[in-house]
Amino acid sequence: MDTRFFVIWMEEITAAVRAGRDHLTRLDAAIGDADHGTNLDRGFAAVAEALAARPPDTPGGVLVLAGSTLIRKVGGASGPLYGTAFREMGKALGDAADVSAADLASALEAGVAGVRRLGGAEEGDKTMVDALAPAARAMARGVGGGGDPEVAFAAAAAAAEEGAKATVPLVARKGRASYLGARSTGHEDPGAASTALIVGALRAVAARRSPRPKSRP
Ligand code: ADP
Ligand code: MG
């Protein structure tokens with residue numbers, strides 16, 4: 001996957017976040033302060049601008065610029081957290097002009113580690129980590145046996161979606177939602193929901209890149 005692939009992934013996230021903005025904000029209205037959708041929409045619009053203004057020439061460069069922009073532009077907790085995730089992923093990819101699915105899988109693990117370090121959340125705390133960590137595991141498993149990258153990305157996206165849905169019954173132990181204590185149960189975590197969009201965008205871009213013949217009914 002080359003620089004262009006990563007630019008298209010960022011564009012796909014920008015579009016998905018724009019389309020999901022109001023839904024994310026509604027989720028945040030239930031257990032936070034109703035700004036997660038607008039936070040990310042502003043952040044990824046700025047990422048798109050930054051990439052157009054200063055096009056990086058490596059995949060790692062794309063992710064580091066995206067991360068730095070999110071840290072600068074997003075006021076909420078999710079800005080520094082996603083910013084760190086993308087920066088750590090970008091650093092893990094280094095200067096390579098082309099990266100493999102296995103490289104991306106280890107980069108994703110580095111991204112999750114960065115979020116854990118910064119935010120101190122573990123799985124089960126009802127945060128984005130509940131979607132990110134299973135996605136990274138699914139991706140690592142998927143590329144492990146030299147399998148089809150597209151299948152690995154699809155598995156990662158499904159794992160992120162499941163992880164997000166599984167936050168509904170949890171009680172938040174990190175972030176703003178934790179102020180609600182037991183009252184945070186019964187709602188999906190907004191950050192886990194946006195992680196599912198971000199990993200889903202990766203699945204979409206990979207699927208478009210290697211179109212396979214669809215079986216006909
Ligand atoms: P804020 O909570 O500052 O308003 P956002 O609404 O943009 O920021 O983002 C909220 C999301 O950030 C939460 O739904 C959760 O997924 C994530 N989050 C908050 N704190 C942490 C943390 N310490 N570790 C991981 N994720 C966190
Ligand atoms: Mg919020």
Side-chain angles (χ1 to χ4, degrees), residues 10 13-48 63 66-89 107-138 156-157 159-202:
M10 294 304 115
I13 296 173
T14 305
V17 163
R18 173 63 50 90
R21 180 184 60 192
D22 295 349
H23 175 64
L24 294 174
T25 288
R26 271 196 299 276
L27 294 178
D28 198 29
I31 56 169
D33 57 353
D35 65 357
H36 189 57
T38 44
N39 278 344
L40 289 191
D41 186 37
R42 186 174 58 251
F44 280 100
V47 167
L63 297 180
S68 307
T69 305
L70 291 173
I71 291 172
R72 225 179 36 248
K73 291 284 179 177
V74 179
S78 60
L81 290 162
Y82 276 135
T84 297
F86 283 111
R87 281 179 60 90
E88 292 298 320
M89 286 180 73
L108 188 57
E109 285 179 326
V112 180
V115 170
R116 282 204 163 110
R117 239 181 350 260
L118 180 64
E122 290 305 327
E123 280 176 79
D125 287 349
K126 198 179 179 101
T127 70
M128 59 175 70
V129 172
D130 289 317
L132 267 175
R137 272 198 301 274
E161 279 160 22
E162 270 168 44
K165 296 286 174 252
T167 62
V168 172
L170 298 177
V171 171
R173 285 194 290 256
K174 289 284 174 197
R176 208 177 278 279
S178 67
Y179 307 156
L180 292 178
R183 279 183 295 136
S184 62
T185 191
H187 304 278
E188 184 177 353
D189 176 65
S194 59
T195 291
L197 292 184
I198 289 169
V199 186
L202 182 61

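Hydrogens, waters and symmetry mates are skipped; everything else that's a heavy atom, side chains included, is used. Atoms within each ligand, like the ligands themselves, are counted from 1 in listed order.
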If you measure from atom 17 (C) of ligand 1 to every heavy atom of Met128, His187, Lys126, which option wins on shortest distance?
Met128

Check: Lys174 N/O within less than 3.5 Å of ligand 1 N/O:
no

Which atoms of ligand 1 sit under 4.0 Å from any heavy atom of Gly76?
3 (O), 8 (O)

Under 2.8 Å from the Mg ion (ligand 2), which protein N, O or S atoms do you find? Ignore water molecules.
Asp28 OD2, Asp33 OD1, Asp35 OD1

Run the numbers for me: atoms of ligand 1, each under 4.0 Å from some heavy atom of Gly191, listed by number.
13 (C), 14 (O), 16 (O)

Spacing of Leu132 atom CG and Tyr82 atom OH [to the nearest 0.5 Å]
6.0 Å

Taking 4.0 angstrom as the limit, do Arg26 and Glu188 come out as a salt bridge?
no

Looking only at protein heavy atoms, what sits closest to atom 7 (O) of ligand 1 is Ser78 OG, 2.6 Å

Note, Thr69 side chain near Phe44 side chain (heavy atom, < 4.5 Å):
no

Should the proximity of Asp28 to ligand 1, defined as any heavy atom under 4.0 Å, be assigned to the side chain, the backbone, both, or neither?
side chain

Do Pro190 and Ile31 have side-chain heavy atoms sitting under 4.5 Å apart?
yes

So the atoms of ligand 1 within less than 4.0 Å of a heavy atom of Pro190 turn out to be 14 (O)

Under 3.5 Å: N/O of Ala77 near N/O of ligand 1:
yes

Counting heavy atoms only, which part of Leu81 comes closer than 4.0 Å to ligand 1: side chain, backbone, both or neither?
side chain

Quick check for you: to the nearest 0.5 Å, what is the distance between Leu27 atom CG and His23 atom NE2?
4.0 Å

Euclidean distance, Glu122 CD relative to Arg173 CZ, rounded to 0.5 Å
9.5 Å

Beyond-backbone contact of Arg116 with Val129, side-chain heavy atoms, under 4.5 angstrom
yes

Among all protein heavy atoms, pick the one closest to atom 16 (O) of ligand 1 and tell me residue, atom and distance.
Asp189 OD2, 2.6 Å

I'd like to check which ligand 1 atoms, numbered from 1 as shown, lie under 4.0 Å from a non-hydrogen atom of Asp33.
4 (O)

Check whether any N or O atom of Val129, backbone or side chain, sits under 3.5 Å from an N or O atom of ligand 1, and answer yes or no.
no

Are Arg87 and Ile71 close enough that some pair of their side-chain heavy atoms sits under 4.5 Å apart?
yes

To the closest 0.5 Å, what do you measure between OG (Ser194) and CE (Met128)?
5.5 Å

With a 4.5 Å cut-off on side-chain heavy atoms, are Pro134 and Glu162 touching?
no

Does atom CZ (Arg72) have a neighbourhood of more than 12 heavy atoms from anything else shown, all under 6.0 Å?
yes

protein heavy-atom neighbour closest to atom 2 (O) of ligand 1 works out as Arg176 NE, 3.4 Å

Does any N or O atom in Gly119 lie less than 3.5 angstrom from one in ligand 1, N or O only?
yes

Nearest-option assignment for atom 9 (O) of ligand 1, heavy atoms, candidates Arg116, Glu122, His36:
His36

Rounded distance (nearest 0.5 Å) linking atom CG of Leu40 with atom CG of Leu197:
9.0 Å

Could you list the atoms of ligand 1 found under 4.0 angstrom from a heavy atom of Asp35?
4 (O), 5 (P), 6 (O)

Full working for side chain to side chain contact (heavy atoms under 4.5 Å, CB included) between Ile13 and Phe86
CA-CA 13 Å; Ile13 296 173; Phe86 283 111; 4.0 Å; yes

What atoms of ligand 1 come closer than 4.0 angstrom to any heavy atom of Ala121?
24 (N), 25 (C)

Distance, nearest 0.5 Å, that separates CZ of Arg18 from CG of Asp41:
4.0 Å

Any idea which atoms of ligand 1 are less than 4.0 Å away from a heavy-atom of Gly175?
19 (C), 20 (N)

Check ion pair Asp125-Lys174 (N to O, under 4.0 angstrom):
no

